[in-house]
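The first residue of the sequence shown is numbered 1, and numbering continues consecutively from there.
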Amino acid sequence: MLVIDEDAVGILDAALIEDAWFSDFYVPTNTEGVRRVEIGDVVYILSKKADLESNLLVINIGALGVFKSIAKPRSAFERIVRVALRQFDRSISLPVQWQPYHEGSLLSVYADSIGRKNQYRIYFDQAPSGSANLFAFGVTNGPEVLRQVPIDIPAYEAAVGGLLEALTVDQVSPDPVGNFGILLSEPLGAQLSGSGTLDEWYDRKLSGEQLKFVDQPLDRPIRLRGAPGTGKTQAMAVKCLKALYADADAGGDKTIAFLTHSSALAHDVVRGMFYALDPSARWSQLKTPAGRPKLWIGTLYELAQEQLSYEKKGLRPLSLDGRDGRELQGFMIHDAIEAVRTSPRTALGVLKECPDLAARMGNEGARKALVEDLMNEFACVLDAENIRKGTPDADRYVKGAREAWQMALPTERHRKLVLEVHSAYRDALRREQLLSMDQMIADFGRYLSTHEWNQLRDRDGFDLIFVDEYHYFTRVEAMTLHNLFASRAEHSGRWPLIMAYDLKQSTSDAALGGGLERFRNPGVGESVPVDLKQVFRSTPQISAFLKDLDASFPAMDLEGEFDTYESQSNKADGDLATLRIFDTGVQLIDDVLEEAGILARSIDGGGSQIAILCMNEELFDRYRKAGRARDKFVSVTSREDLRELRYARMKSVFSMPEYVAGLQFDTVFLIHVDQADLSDEYLSQGARRRYVSRAYLGASRAARKLVIASCMERGGTSAILDAPLRNKSLIQFVT
């Protein structure tokens with residue numbers, strides 16, 4: 001058995017762990033904060049705070065233990081640690097894509113990302129022998145009935161019974177020779193936040209603009225707007241902790257929610273920022289007199305899952321937060337198109353009446369772009385508005401006016417054909433017993449209007465809600481927020497919803513659906529705007545490039561929320577952004593990987609400070625799967641992969657801009673900014689805006705050095721770079 005006390009769990013959560021660690025679980029004897037004790041066949045990893053009253057994580061590491069049959073024990077261990085953190089801090093949620101399943105005190109989750117050859121599930125007892133400990137007792141290849149998976153309670157009790165001896169033993173195991181397989185580090189969010197306690201940030205480090213925001217009264221909604229690198233999340237974290245501690249010190253019972261659109265952003269970045277601001281983690285321990293945590297951190301999806309208990313009902317939400325989810329949804333939309341094309345009813349009906357869109361559906365070469373358009377239309381319009389074929393809402397959709405950002409559907413016949421594809425897609429979801437995230441949120445919104453929630457609202461609702469990355473929330477998601485407040489949170493018709501956003505960083509059209517009035521009045525009263533103009537991340541040269549790139553956004557009437565980039569950098573001067581043009585994609589990726597590898601070996605922080613961000617999804621998938629390149633980078637394919645950045649070391653980070661939103665790197669290579677992606681004759685204004693937003697988001701991740709790469713075999717340099725080249729904020733590199 002492996003026994004870890006709850007404080008040591010938090011320390012190991014931030015550690016860099018290699019698969020070799022799982023043979024002996026050694027911890028260096030000079031490690032600050034934890035020590036290793038071995039008694040018989042039990043290994044104890046204990047913090048300085050460990051005592052007989054500590055909650056414990058116990059893991060079966062024997063011959064039939066959790067790690068013996070799993071190919072990636074590190075990934076499994078990270079999930080076990082997350083389950084333990086949730087056990088000891090109920091404000092933490094489990095990601096829906098882990099597909100947690102409960103039966104009494106028993107719980108199971110997938111051990112890693114689900115694949116055809118990877119169906120391993122880990123099993124836990126959340127109350128072994130009636131205790132508050134967590135016991136990870138088994139693993140199976142594929143789901144099993146929880147109560148039929150063998151559990152060794154006597155071995156668990158023997159391990160827990162040896163805690164007193166482990167706490168009092170003087171001699172720890174000697175250091176092994178060579179690599180320990182573990183390196184303790186600070187959380188990702190703490191690295192992004194930088195040094196400084198909560199008081200230091202408030203008294204000295206916040207800019208005047210940030211301080212104005214932090215000091216805004218909490219009796220009204222506030223919208224915090226700012227370009228990349230202006231410190232929106234940092235200011236939100238400071239304001240949240242200030243409000244939390246002020247209420248706790250006054251003996252209050254207020255509860256606060258800090259919501260993001262990404263589970264990884266919530267649990268790795270935001271929590272890391274909180275740890276940096278207050279390493280005592282007092283914020284994670286505060287509870288109301290009724291025993292409820294005063295601070296809840298997570299996503300709206302996790303909150304919905306918690307309230308609706310989907311895992312207990314055997315329903316699986318479909319995650320759209322990563323490549324796996326997007327690929328699965330793309331396959332289902334592709335199949336829905338085929339179903340409509342081959343159905344005699346539609347082939348002789350609406351398909352025949354709409355020959356141009358029908359031709360596009362039949363063109364395999366154009367299918368990928370069509371699927372992308374339909375994916376956006378479903379998420380931001382049809383599923384977001386709960387529009388179904390044959391309903392009055394569908395009739396209004398067919399006959400209503402369309403915005404410039406939406407997919408080009410000029411006639412009613414075009415829209416009816418899209419409704420047919422959407423209906424076939426919904427049928428496929430139902431057959432697979434899957435729920436799209438939009439469907440789950442629609443259900444959650446209906447639940448929040450029930451008599452049941454009205455009875456529970458003052459017990460389970462919140463007094464203050466922070467929403468980071470509000471630009472990723474759909475209209476339906478935004479509409480649920482005002483119902484999450486406890487009734488006592490109202491102040492003269494206004495509710496304290498604190499939003500941070502930058503519309504130009506949104507690589508989807510989620511924020512635009514239903515109009516932008518919800519930014520000014522998100523259903524909780526007229527909001528007070530606070531703008532951040534000072535950039536803390538990037539050099540003046542990168543800021544100048546972003547200002548010129550800003551001119552490439554399509555002219556769209558976005559009600560004053562799409563302001564011109566005016567931010568000013570307070571960083572020291574750096575190099576101008578450079579453009580490199582290659583004849584072929586192979587030459588491009590080989591050259592960039594070679595230079596990124598050299599930089600990773602020479603810079604403080606190694607590969608975690610070097611990012612290669614690809615603008616084209618198809619090429620991104622091709623490169624990350626190519627054997628000749630795969631060992632040269634750490635691939636981040638979803639925002640849930642952010643923890644993988646700790647393992648970059650001498651390898652660079654390879655990803656797409658949307659998966660590293662919220663992060664920063666010393667150097668960014670933004671590759672395949674090619675004209676081919678803008679040459680599609682069916683490209684809508686919305687698709688163009690999303691393309692520019694992806695480039696804007698990717699370039700803004702760079703703190704010191706920005707390299708743009710284009711490829712001649714894909715049309716050469718994209719037209720969005722014309723203004724930066726003309727104004728010389730981007731200089732072509734000539735070998």
Task: Asn727: side chain to side chain donor-acceptor pair (under 3.5 Å) partners, not counting sequence neighbours - done: Asp548
Open item on the list: Could you check whether Asp502 and Tyr470, counting side-chain N and O atoms only, form a donor-acceptor pair closer than 3.5 Å?
Closed with: no
Open item on the list: Using the ring centroid of each side chain, check whether His261 and Tyr301 are separated by less than 6.0 Å.
Closed with: yes
- [ ] State whether Arg690 and Asp373 are salt-bridged, where the test is any N-O pair (Lys NZ or Arg NE/NH1/NH2 against Asp/Glu carboxylate O) under 4.0 Å.
- [x] yes
- [ ] With the side chain counted from C-beta on, respond yes when Ser693 and Ser506 share a heavy-atom pair under 4.5 Å apart, and no when they do not.
- [x] no
TODO: List for me each residue that meets side chain to side chain donor-acceptor pair (under 3.5 Å) alongside Tyr691, sequence neighbours excluded, and say none if there are none.
DONE: none
Open item on the list: Show, in sequence, the C-alpha distance, side-chain angles and deciding distance for Cys240 and Phe274, and conclude whether the side chain to side chain contact (heavy atoms under 4.5 Å, CB included) test is met.
Closed with: CA-CA 9 Å; Cys240 179; Phe274 286 170; 3.9 Å; yes
Open item on the list: Once rounded to the nearest 0.5 Å, what's the spacing between atom CZ of Phe654 and atom OG of Ser652?
Closed with: 9.0 Å
Open item on the list: Arg220: which residues meet the salt bridge (charged side-chain N to carboxylate O under 4.0 Å, His left out) condition with it, sequence neighbours left out?
Closed with: none
Task: Under the side chain to side chain contact (heavy atoms under 4.5 Å, CB included) test, residues paired with Asp575 that sit two or more places apart - done: none
Open item on the list: Tell me whether the count of non-hydrogen atoms from other residues, nucleotides or ligands lying under 6.0 Å of CE in Met615 goes above 12.
Closed with: yes
TODO: Under the salt bridge (charged side-chain N to carboxylate O under 4.0 Å, His left out) rule, collect the residues that match up with Asp674, sequence neighbours excluded.
DONE: Arg714
Open item on the list: Please determine whether a side-chain nitrogen of the Lys or Arg among Asp621 and Arg624 lies less than 4.0 Å from a carboxylate oxygen of the Asp or Glu.
Closed with: yes
Task: Donor-acceptor pair between Asp468 and Thr233 side chains, under 3.5 angstrom - done: yes
TODO: Would you please name every residue forming a salt bridge (charged side-chain N to carboxylate O under 4.0 Å, His left out) with Arg726, sequence neighbours left out?
DONE: none
- [ ] Rounded to the nearest 0.5 Å, what's the gap from CE on Met375 to CG on Leu370? Could you check?
- [x] 10.5 Å
Open item on the list: I need the single residue from Leu224, Ile222, Asp215 that forms a side-chain contact (heavy atoms from CB on, under 4.5 Å) with Lys239. Which is it?
Closed with: Ile222
Open item on the list: Suppose we screen for side chain to side chain contact (heavy atoms under 4.5 Å, CB included). Which residues come up paired with Arg580, at least two apart in sequence or across chains?
Closed with: Thr578, Phe582, Asp591, Glu595, Val707, Phe733
Task: Which residues share a side chain to side chain contact (heavy atoms under 4.5 Å, CB included) with Thr667, sequence neighbours left out - done: Leu599, Ile610, Phe669, Arg704, Lys705
Open item on the list: Between Gln587 and Asp590, do the side chains contain a donor N or O and an acceptor N or O under 3.5 Å apart?
Closed with: no
Task: Gap between atom CD of Glu658 and atom CG of Leu613 - 0.5 Å precision - done: 9.5 Å
Task: Backbone N/O of Lys533 and side chain of Glu209: donor-acceptor pair under 3.5 Å - done: yes
TODO: Applying salt bridge (charged side-chain N to carboxylate O under 4.0 Å, His left out), name anything that partners Glu594, two or more places apart in sequence or on another chain.
DONE: none
- [ ] Can you see which heavy atom on Ile498 is nearest to which on Met236, and at what distance?
- [x] O-CE, 3.6 Å
Task: Qualifying residue, where the test is side-chain contact (heavy atoms from CB on, under 4.5 Å) with Phe536 and the options are Lys571, Gln210, Gln234 - done: Gln210
Task: side chain to side chain contact (heavy atoms under 4.5 Å, CB included) involving Ala703 - partner list, sequence neighbours excluded - done: Arg537
TODO: Tell me, please, which residues at least two apart from Phe466 pass ring pair (Phe, Tyr, Trp, His ring centres under 6.0 Å).
DONE: Phe258
TODO: Could I get the full list of side chain to side chain donor-acceptor pair (under 3.5 Å) partners for Asp583, not counting sequence neighbours?
DONE: none
